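Both counts, for ligands and for their atoms, begin at 1 and track the order of listing. Predicted, not measured: the structure shown is a model, and the values here were computed from it. The basis for the numbers below is simple: all heavy atoms, side chains too, and nothing from hydrogens, waters or symmetry mates.
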Amino acid sequence: MARIRITRFDALIIVDMQRDFMPGGALPVPEADTIVPIINRYIQIFENRGATVVATRDWHPVNHISFTTRGGPWPPHCIQGTSGAEFHPDLALPESTVIVSKATDPDKEAYSGFDGTNLNNILRERGVNRIFVCGVATNYCVKATAIDGIKLGYTVIVLLDAVKGIDIPPGSVDMALNEMLDAGIILATQHDIE
Ligand code: VGL
Ligand code: ZN
């Protein structure tokens, strides 16, 4: 495959690299901390090329519908303003990073960075037509963001070396990757990017 050259019409979307999703956090994604240095390298490339860098964050109210306390599937996590909701301390987010808070409505589950946010408007305003998605979890918020991106008309590349998933039951991460491929998403790694 020809290498992909990053331009100012591209955006790097870093999904939910927050403490609660790291090993030891409230809803840990195995090995999620190991992709921090890889994401930092992508940030440098995108910054150097004048591309947009977006960091989404799961930003729940204490009584969010997805919590077990309300009959949902997840232990309470990423509660607004808590340390668990902070970005991983080693994530080298530039000053210019666009922070997108999602899943803030107590009564609505939202996995995609586009769902209930102004992310689409921000990208359109900048003329962005291609997005590169990394972060966690591959089979939840990464997948939902990538598939929404396709539906909204973006070219979507998922950065395989910079995502981690929750593989329960085993095979769910591979299944999610196949769903993304079927939706028209491109899978790439650092070798494909220039
Ligand atoms: C996520 C489960 C619950 C994610 C967020 O970021 O993938 N997963 N909330
Ligand atoms: Zn959540």
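Tyr42 contributes a side-chain N or O that, together with a main-chain N or O of Gln190, makes up a donor-acceptor pair within less than 3.5 Å. A donor-acceptor pair is defined here as one N or O able to donate and one able to accept, closer than 3.5 Å; no such pair exists between the side chain of Arg130 and the backbone of Ile157. Under a 3.5 Å cut-off, the side chain of Glu194 and the backbone N or O of Arg5 do not form any donor-acceptor pair.
Every atom of ligand 1 is numbered from 1 in the order shown, and the set under 4.0 Å from a heavy atom of Trp74 is 2 (C), 3 (C). Heavy-atom proximity to Val136, at under 4.0 Å, picks out these atoms of ligand 1: 6 (O), 7 (O). The Asp16 neighbourhood of ligand 1 comprises atoms 4 (C), 6 (O), with distances under 4.0 Å to a heavy atom of that residue. Listed by number with element, the atoms of ligand 1 under 4.0 Å from a non-hydrogen atom of Cys141 are 1 (C), 4 (C), 5 (C), 6 (O), 7 (O). Interface atoms of ligand 1 facing Ala137, defined by a heavy-atom separation under 4.0 Å, are 4 (C), 6 (O), 7 (O).
At a threshold of 4.0 Å, the pair Asp58-Lys102 counts as salt-bridged, since one of the basic side-chain nitrogens sits closer than that to a carboxylate oxygen. The pair Asp33-Lys164 does not count as a salt bridge, with every side-chain nitrogen at least 4.0 angstrom from each carboxylate oxygen.
The count of protein N, O or S atoms under 2.8 Å from the Zn ion (ligand 2) stands at 3, with waters excluded from the count.
Considering backbone and side-chain N/O of Lys102, none are found under 3.5 Å from N/O of ligand 1. The shortest N or O to N or O distance between Asp58 and ligand 1 is below 3.5 Å.
Cation-pi geometry between Arg124 and Tyr154 is met: under 6.0 angstrom from the ring centre, within 45 degrees of the axis.
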Item to check | Criterion side-chain hydrogen bond (donor to acceptor under 3.5 Å, both in side chains) on Asp148 and Ser112, from CA distance to verdict | outcome: CA-CA 7 Å; Asp148 267 1; Ser112 161; 2.7 Å; yes
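Annotation for Ala51 and Thr7: closest pair CB-O, 3.4 Å, computed over non-hydrogen atoms.
Among protein heavy atoms, the minimum distance from atom 8 (N) of ligand 1 is reached at Tyr140 CB, 3.9 Å.
Around NZ of Lys151, the count of heavy atoms belonging to other residues, nucleotides or ligands within 6.0 Å does not exceed 12.
Between His77 and Phe67, the ring center distance clears the sub-6.0 Å criterion.
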